[in-house]
Structures are given as C-alpha cells and as structure tokens.
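Everything below concerns the one structure shown next.
Quick caveat, the model's predicted, so the values are computed rather than measured. Any value given below was found using the heavy atoms of this structure, including those in side chains, with hydrogens, waters and symmetry copies removed.
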Amino acid sequence: MKTKLLAAAAVMMIPLAGLAAEPDKTTPPSEPMGTGATFDTLDANKDGRISMPEASADPKLVEGFSTADKDGDGYLDNSEYESAAKPPQQ
C-alpha cells in the first residue's frame, strides 16, 4: 500500500519538475546598462517599469535609483529611466 502511494505521489510531482526547470521571469538581466542594456532589457518581467531588483543588473542605476524615481513609486518608468541614463550635461 505504501509503495503504491509513494509511486502515485512521485508521478504527480513530475509536472512540477518541469516548472522548476523554467527560468525565473523576474530574474534581472545580467547585462548592465553600460554594455548595451536598454529599458526593455532591464524590464525583465515586461510590466513596463523597472523595479529595484531589476535595476540591480546595473550598479550605476542602483546608485541613482531613488533620485531617478521622480514620482516616488519605487519603480522607474521609461521616461524616468531615460532621464537617469542620460550623461549629465556640462
């Protein structure tokens, strides 16, 4: 009886193994902004905004994240990102 129950449990868990093998869609990209990353590249979950975990792929963006987040919502939208990505004017 225990053997059948164990076998049934193992069979039921096979589909879960496939889910575990899928890449995490919220993992930030490894390519920092300085090497060609764009807003779309950093927006790993494709929600139209960059969160702090997504921004962590670019250390310079992390440093200026709170300053770049003009509306204080904890995310950078495309316009906030573009403003932060521009080199300072001299």
Side-chain angles (χ1 to χ4, degrees):
M1 178 71 177
K2 285 186 179 180
T3 306
K4 287 183 182 180
L5 183 59
L6 185 58
V11 168
M12 291 173 55
M13 294 188 76
I14 290 172
L16 295 176
L19 290 175
E22 288 185 18
D24 183 5
K25 293 180 181 169
T26 61
T27 303
S30 59
E31 184 177 297
M33 185 170 57
T35 59
T38 63
F39 179 85
D40 292 329
T41 304
L42 291 169
D43 181 17
N45 64 1
K46 305 302 179 207
D47 65 351
R49 55 193 190 169
I50 298 172
S51 64
M52 180 58 87
E54 290 170 320
S56 68
D58 182 353
K60 288 185 180 181
L61 185 58
V62 171
E63 287 177 19
F65 191 92
S66 60
T67 304
D69 182 16
K70 298 295 184 194
D71 60 8
D73 66 353
Y75 298 92
L76 299 182
D77 62 28
N78 199 3
S79 64
E80 290 171 328
Y81 171 78
E82 291 298 327
S83 294
K86 286 182 190 176
Q89 293 182 354
Q90 296 179 359

- Task: Compare all side-chain heavy atoms of Glu80 with those of Asp71 and state whether any distance is below 4.5 angstrom.
- Result: yes
- Could you pull out all residues at least two apart from Tyr75 that satisfy side-chain contact (heavy atoms from CB on, under 4.5 Å)? Arg49, Ser51, Asp73
- Query: Atom CG in Asp69, atom CD1 in Ile50: separation rounded to 0.5 Å?
  - Reply: 11.0 Å
- Check for a donor-acceptor pair, side chain of Lys46 on one end and backbone N or O of Asp40 on the other, with a separation under 3.5 Å. yes
- Message: Testing the basics here: between Val62 and Ala55, what is the closest heavy-atom pair and its distance to 0.1 Å?
- Response: CG2-O, 3.3 Å
- Query: How would you list all residue pairs meeting ring-ring contact (aromatic ring centres under 6.0 Å, His included) that involve residues 39-62, not counting sequence neighbours?
  - Reply: Phe39-Tyr81
- Note on the structure: Residues passing the ring pair (Phe, Tyr, Trp, His ring centres under 6.0 Å) test with Phe65, sequence neighbours excluded, are none
- Residues that Asp77 engages under side chain to side chain donor-acceptor pair (under 3.5 Å), provided they are two or more places apart: Ser79
- Residues passing the side chain to side chain donor-acceptor pair (under 3.5 Å) test with Thr67, sequence neighbours excluded, are none
- Query: When Glu54 is tested against each of Leu76, Asn45, Leu61 for side chain to side chain contact (heavy atoms under 4.5 Å, CB included), which residue passes?
  - Reply: Asn45
